[in-house]
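From a predicted model like this one, the values you see are computed outputs, not experimental measurements. Throughout, a chain's letter reflects where its sequence line sits, starting with A, and its residues are numbered from 1.
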Protein chains: 2
Amino acid sequence: MSTPESRADAGAIYRRYLSAVMLHGHASAKACDLGATDLYALNLLELEGPMTPGVLGARAGLTTGPTTRMIDRLEEAGYVRRTPSPDDRRKVIVEPIGRPVRLDEVMTPAREEVGKILRGYSPEQLDVLFDYFTRAAEAYRQAVDDLHATP
Amino acid sequence: MSTPESRADAGAIYRRYLSAVMLHGHASAKACDLGATDLYALNLLELEGPMTPGVLGARAGLTTGPTTRMIDRLEEAGYVRRTPSPDDRRKVIVEPIGRPVRLDEVMTPAREEVGKILRGYSPEQLDVLFDYFTRAAEAYRQAVDDLHATP
DNA sequence: AGATTTCTCTTCCTTAAAGAAGAGATTATG
DNA sequence: CATAATCTCTTCTTTAAGGAAGAGAAATCT
């Protein structure tokens, strides 16, 4: 499982892994009646924290009309909350509410399975994995920014 | 970076990582004018290999009409190819075409950045990571199946 | 062989999400 | 202090994707 030959299809393994993650995310969202854009916004909020409808819409590639309605949907479904901005009364802050309950629930089986996998590693191995998670997350976040900058 | 305290927010790190991966996948697809369903189908094909429109549509949660049109879109965009099934002339096999060029291109910056990160690990550490990728992919794939089974 | 089922595709209709334009409120600017 | 700019939201229209129903070809069953 770690011979030089097997390292050759590292790319394939990695693509397969990414596909599985994406597939699962999508399937979970669909099971919660969450559209693609709504899921995108939730991921954005999870990753970057609370932001105004303006920037949220811009980063999701939406004009203001759809942005308002998307936030309406997310708020009604309990994923998000609108708070007036303290320093500018025109603005609104959209913040994710803890963990989206419904989504969390749907993802539980996968999380437990992954947890099982992770518990099979030694502390040193876990250090490697979480080091990777941290750095890869930042790399992907950065890549999204760049994509958004040069369309 | 590996103290017991930091292990406490393992969940947060992992969620953040998943969000970043999803976000990047979505953003890349959008940059290629790929809708959510089309991306889902591509991931499915990447993960499970060629399949008929029937099963593809079923696994994507579509009826036959939208399925045909989705495959039309993917085929026209060069992501997929239709081949007549050799053993049943009613059937069609939908197979992904190598790596989707356009999508591949858009994802290049992230891939290179992740490659850079991976090259920073020792062979033993890479073994751990790829072992994880392999097992997690299977876990997610299984979870999607289960989601699909019990809606 | 004839009837039935299976599979894909086509056509028409419905629905959900996105764009455009502008109103109302608030802040910044000259 | 008045004008302009900013921010969110509303309304109306457009577009893209999905559902329903059925046709045509081919396999399966009796």
Side-chain angles (χ1 to χ4, degrees), chain A residues 23 26-27 29-45 48-77 79-96 148 151, chain B residues 23 26-27 29-45 48-77 79-96 148 151:
Chain A
L23 206 65
H26 252 116
K30 183 175 291 188
C32 300
D33 291 310
L34 263 177
T37 306
D38 297 22
L39 178 61
Y40 191 88
L42 278 184
N43 280 323
L44 214 42
L45 288 168
E48 318 252 338
M51 61 187 83
T52 66
V55 303
L56 182 57
R59 303 220 31 184
L62 296 176
T63 55
T64 68
T67 299
T68 297
R69 286 188 299 261
M70 176 187 72
I71 299 173
D72 288 347
R73 287 193 299 270
L74 292 176
E75 194 171 34
E76 185 164 8
Y79 292 126
V80 129
R81 168 174 42 207
R82 267 188 254 237
T83 307
S85 169
D87 53 306
D88 187 336
R89 298 207 311 228
R90 292 167 303 182
K91 289 188 185 173
V92 168
I93 307 283
V94 182
E95 48 186 14
H148 169 259
Chain B
L23 205 65
H26 252 116
K30 184 174 292 186
C32 300
D33 292 310
L34 264 177
T37 306
D38 298 23
L39 178 62
Y40 191 88
L42 279 184
N43 281 323
L44 214 41
L45 288 167
E48 318 251 339
M51 61 187 83
T52 66
V55 304
L56 183 58
R59 302 222 29 186
L62 296 175
T63 55
T64 69
T67 298
T68 297
R69 287 190 298 262
M70 176 186 72
I71 298 173
D72 288 347
R73 287 194 300 269
L74 291 176
E75 193 172 35
E76 185 164 7
Y79 291 125
V80 129
R81 169 173 43 209
R82 267 187 253 237
T83 306
S85 170
D87 53 307
D88 187 335
R89 298 208 313 229
R90 293 168 304 179
K91 289 188 185 174
V92 168
I93 307 283
V94 181
E95 48 187 13
H148 170 258

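Ion pair Arg82(B)/Glu95(B) not flagged as a salt bridge, since none of the NZ, NE, NH1 or NH2 atoms sits closer than 4.0 Å to an Asp/Glu carboxylate oxygen.
Arg73(B) has its CZ atom 17 Å from the P atom of dT15(D), to the nearest Å. Rounded to whole angstrom, the span from the CG atom of Leu34(B) across to the P atom of dA17(D) amounts to 10 Å. Between Met70(B) atom CE and dG18(D) atom P the separation is 8 Å, expressed in whole Å. Nucleotide dT26(C) holds its P atom 15 Å from the CG atom of Asp87(A), rounded to whole Å. What separates NZ of Lys91(A) from C1' of dA28(C) is a distance of 12 Å, to the nearest Å. Across the protein-nucleic acid pair, Leu74(A) atom CG and dA17(C) atom C1' stand 13 Å apart, rounded to whole Å. dC7(C) atom P lies 14 Å from atom CG of Leu56(B), rounded to whole Å. Lys30(A) has its NZ atom 13 Å from the P atom of dA17(C), to the nearest Å.
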Q: Apply side chain to side chain contact (heavy atoms under 4.5 Å, CB included) to Leu42(B) and Leu34(B), showing your working.
A: CA-CA 10 Å; Leu42(B) 279 184; Leu34(B) 264 177; 3.8 Å; yes
Q) Could you go step by step and tell me if Val94(A) and Met51(A) meet the side chain to side chain contact (heavy atoms under 4.5 Å, CB included) rule? A) CA-CA 5 Å; Val94(A) 182; Met51(A) 61 187 83; 5.6 Å; no
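Between Asp38(B) and Tyr79(B) there is no side-chain heavy-atom pair separated by less than 4.5 Å.
Between His26(B) and His26(A), the ring planes are tilted. Angles from 30° to 60° get that label.
Listed nucleotides dC9(C), dT8(D), dA18(C) differ in distance to Arg82(B); the shortest reach to its side chain belongs to dC9(C). The nucleotide whose nearest atom lies closest to any side-chain atom of Thr37(B) is, among dC9(C), dG18(D), dA17(C), dG18(D).
Residue Thr67(A) is out of contact with every strand shown, counting any heavy-atom pair closer than 4.0 Å.
Lys30(A) contributes atom NZ, which lies 9.5 Å from atom NE2 of His148(B) (distance to the nearest 0.5 angstrom). Interatomic distance, CG of Leu44(A) versus CZ of Arg59(A), reported as 5.0 Å (0.5 Å rounding). Rounded to the nearest 0.5 Å, atoms CZ (Arg81(A)) and CD1 (Ile71(A)) are 14.0 Å apart. One finds the CD atom of Glu48(B) at 11.0 Å from the CG atom of Asn43(B) (value rounded to the nearest 0.5 Å).
Distances shown here put every side-chain N or O of Thr68(B) at or beyond 4.0 Å from the OP1 or OP2 atom of dT10(C).
The 5' end of DNA chain D is approached more closely, in terms of each residue's nearest nucleotide, by Asp88(A) than by the other of Asp88(A) and Asp72(A).
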Identify the pairs formed between an N or O of the protein and an N or O of nucleotides 14-16 of chain C at a distance under 3.5 Å, and give each distance.
none

For nucleotides 19-25 of chain C, give me every protein contact, N/O to N/O, under 3.5 Å, one pair per line with atom names.
unit_1  : atom_1 : unit_2   : atom_2 : d
dG19(C) : OP2    : Thr63(A) : N      : 3.3
dG19(C) : OP2    : Thr63(A) : OG1    : 3.4
dG19(C) : O6     : Arg69(A) : NH2    : 3.4

